[in-house]
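Below is one structure, written out as structure tokens; the observations come after it.
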Amino acid sequence: MSLRLFDTAARSLVDFQPLAPGHVGLYTCGPTVYNRVHIGNLRTFVWEDVMCRALRSLGLSVTQVMNLTDIDDKTIRGAVAEGLPLREFTDRHIATFFEDLKTLNVIPAAVYPRATDHVPEMVEIVKKLTERGHTYESDGTFWFRIASFPAYGKLSRIDPSSMKRGARVADDEYEKEDVRDFAVWKGAKEGEPESALWETELGKGRPGWHLECSAMSMKYLGETLDIHTGAVDNIFPHHENEIAQSEGATGKPFVRTWLHAEHLIVDGEKMAKSKGNFFTLPDVLSRGYSPRAVRYLLLSVPYRQKLNFTFDALRGAASAVERLESLDARLGERSGAADAAAASEAFVAKVAEARGAVRAGYEDDLNTAAALGALFGFVKEANTSLEAGQLGPADAAAARAFLREADGVLGVLPEGADASLEAEVEGKIAARQEARKRRDFAASDAIRDELAARGILLEDTPQGVRWRRKG
RNA sequence: GGCGACGUACCCAAGUGGUUAAGGGAAGGCUCUGCAAAAGCCUCAUUCGUCGGUUCGAAUCCGACCGUCGCCUCCA
């Protein structure tokens, strides 16, 4: 395996080797659970899922950890607005988040730690930072002193001395030595709900902005992570601060490879509620698109490229998925035909070549577009051979196995249909064939229309009738 | 103001010194078909934002310009 990844810190492609041979510890920044995630968020989460699947396909084992930020200004504000205890409020949003992931066929991470379940771990880090002289306290709030960490800015390449002293600092009632310092622990303030406060050795308060990721990543993956990911907006200040906190506390390198996904934009513009181009997954699905088409679109553009989301592109994605699905079905039929002959050497070689090309795509910084290009090259070859009658059952079986294997990373082909639906549809197809034999086309068309209305598409082929659910 | 990314056909997009410039979608043609749909096949960029430069050779490297976008403040 020779996997190359674009490390944000190095600003270049690096040869990736996990710390423990064959095993990757992966920390993926998760959502702040105060609303329904939008398709831009989901682009990042789908990418991370594809990355896990691709790493596994390259022979690595992966432990993925994704945090759930359930304590911050936004979650507190939301809970107060709805008159709910913090936990009850965030529980609801965590549930819809998992729903969306499931809908998009995302394989769950090994752990989804919640910040509020790790307050003691965070307190420990603050204590360590304090022992090492990286913090100071003022009014119950503990600040990280940027001046005590010379490497600050190495990830984002932002020079601390040039940081603008933003007007927003005035909003902050806390006292700090330097406007650039950030809170690791926020002392309780007047009017904050009890459900968002903890009594700790540091006093009463709540964890600061970025501390949870340091605490939870190190708890589940050790003090040095192989890969840490997020979207580009996390680079500064979130990840920069994580480095300062983590390395300040342990004295060890925090992350070996930083990976950041570009944003999704809509019709060439940033997605924003005020522009009316803000979409959640249910918004998109309610317009009649399949989750598999959405997933395909989100993963088809390599992660470091901005993804321009349009409904035109989504329709294109649906068609592309149908092309894969259709070949899968054709191969399924062909491979079922009785024939004891072994797969032909020439075809086996073609499969091997395609497999290598797909793999090379993933090895090159998870280049999904290149991998898809290679896969579709194979799709055309398989279709052509199939059409020419040159594909034996064993060849078809080999092709189908490869297609399914490729889909192990893509995750866009449907699961097998459920048996009761299958029996029903087969029955209707038989009835339609009867009607067609009688040349009762009104009756046969009625059956076709009825199934179409239910999203089931019939294809009359020389080999018989095939059906599938519309992508 | 500081830092950074991007600009390849109608749309999306791979390609980062020598290839016929991948692939997907759309469109047109053909095959199949009771009709249709679907599916499959074929066609579809002498050219890579513009202008210069380096080089035997550039979409790929350098410079300028034009355009789009992002971060610098919570943000996937």
Side-chain angles (χ1 to χ4, degrees), chain A residues 8 11 13 28-32 34 37-48 69 72-74 77 153 156-159 162-169 171-172 209 229-238 240 260-265 268-272 296-297 300-310 312-327 329-330 357 361 364 367-380 382-384 386-388 436-437 439-441 444-445 448-449 452 457-463 465-468 470:
Chain A
T8 307
R11 293 287 199 278
L13 289 168
T28 49
C29 263
T32 300
Y34 71 108
V37 295
H38 55 68
I39 54 173
N41 298 305
L42 290 168
R43 190 260 172 118
T44 301
F45 300 135
V46 166
W47 160 60
E48 287 159 346
T69 300
D72 81 320
D73 291 350
K74 290 187 295 268
R77 204 182 303 130
S156 58
R157 304 204 175 174
I158 287 175
D159 174 5
S162 74
M163 274 170 67
K164 266 204 304 199
R165 309 206 159 192
R168 274 175 154 256
V169 174
D171 295 343
D172 216 319
W209 307 337
T229 69
V232 289
D233 52 72
N234 284 148
I235 297 172
F236 188 87
H238 186 54
E240 195 68 63
H260 291 95
E262 253 299 347
H263 281 157
L264 173 147
I265 57 180
E269 291 189 306
K270 186 171 179 173
M271 183 164 56
Y296 182 94
L297 177 60
S300 64
V301 177
Y303 76 97
R304 285 200 292 131
Q305 202 71 38
K306 278 191 273 289
L307 191 160
N308 188 17
F309 180 92
T310 64
D312 215 39
L314 189 51
R315 274 186 290 276
S319 298
V321 171
E322 285 184 32
R323 186 165 160 82
L324 293 176
E325 204 177 320
S326 166
L327 175 63
R330 282 153 56 92
D364 182 15
N367 189 335
T368 49
L372 284 172
L375 180 61
F376 275 101
F378 174 77
V379 167
K380 175 166 283 187
N383 272 324
T384 304
L386 208 48
E387 215 50 33
R436 291 180 73 197
K437 248 186 220 160
R439 302 191 68 79
D440 181 356
F441 296 122
S444 70
D445 289 353
R448 183 169 67 194
D449 292 346
L457 224 53
L458 299 188
E459 297 175 17
D460 294 329
T461 77
Q463 290 77 41
V465 183
R466 182 160 63 229
W467 69 278
R468 62 190 170 80
K470 197 172 180 328

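Naming convention: chains lettered A, B, ... in sequence-line order (proteins, then strands); numbering from 1 in each chain.
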[X] side, atom [atom1]; [Y] side, atom [atom2] - distance, nearest 0.5 Å:
X: A:L264; Y: A:L42; atom1: CG; atom2: CG; result: 9.5 Å
X: A:K380; Y: A:R323; atom1: NZ; atom2: CZ; result: 6.5 Å
X: A:E48; Y: A:C29; atom1: CD; atom2: SG; result: 8.0 Å

Looking only at side-chain atoms of [X], point me to the closest of [options].
X: A:D364; options: B:G15, B:C71, B:A14; answer: B:G15
X: A:A231; options: B:A13, B:G15, B:A76; answer: B:A76
X: A:N41; options: B:G34, B:A76, B:C12; answer: B:A76
X: A:R436; options: B:G34, B:C69, B:G24; answer: B:G34
X: A:S444; options: B:C41, B:G34, B:C6; answer: B:G34
X: A:F376; options: B:G23, B:G40, B:C75; answer: B:G23
X: A:R323; options: B:C74, B:G34, B:G40; answer: B:G40
X: A:E387; options: B:A13, B:G40, B:A39; answer: B:G40
X: A:S326; options: B:G40, B:C75, B:C6; answer: B:G40
X: A:R330; options: B:G25, B:A36, B:G40; answer: B:G40

Classify the side chain of [X] versus the base of [N] as yes if they form a donor-acceptor pair under 3.5 Å and no if they do not.
X: A:D445; N: B:G34; result: yes
X: A:R315; N: B:C12; result: no
X: A:D460; N: B:A39; result: no

Using the six-membered base ring of B:G34, report whether A:F441 stacks on it, requiring centroids under 5.5 Å and planes under 30° apart.
yes
What is the distance, rounded to the nearest whole Å, between atom [atom1] of [X] and atom [atom2] of [N]?
X: A:D312; N: B:A27; atom1: CG; atom2: C1'; answer: 13 Å
X: A:R304; N: B:G4; atom1: CZ; atom2: P; answer: 16 Å
X: A:K306; N: B:C71; atom1: NZ; atom2: P; answer: 9 Å
X: A:L372; N: B:A22; atom1: CG; atom2: C1'; answer: 12 Å

Can you list the steps and then say if A:R448 with A:R436 is a side-chain contact (heavy atoms from CB on, under 4.5 Å)?
CA-CA 11 Å; A:R448 183 169 67 194; A:R436 291 180 73 197; over 6 Å; no
Hey, does the side chain of [X] come within less than 4.0 Å of [N]'s phosphate (OP1/OP2), counting only N and O?
X: A:K380; N: B:C42; value: yes
X: A:S319; N: B:A26; value: yes
X: A:Q305; N: B:C12; value: no
X: A:N367; N: B:G15; value: yes

State, without any angle test, whether A:D233 and A:H263 hold a side-chain donor-acceptor pair at a distance under 3.5 Å.
yes
With nearest nucleotides of RNA chain B determined for A:A370 and A:A261 from heavy-atom distances, which residue corresponds to the more 5′ nucleotide?
A:A370
For B:A9 and B:G23, measure between their P atoms and round to the nearest Å.
16 Å
Parallel, tilted or perpendicular for A:Y296 and A:F376, by the 30°/60° rule?
perpendicular
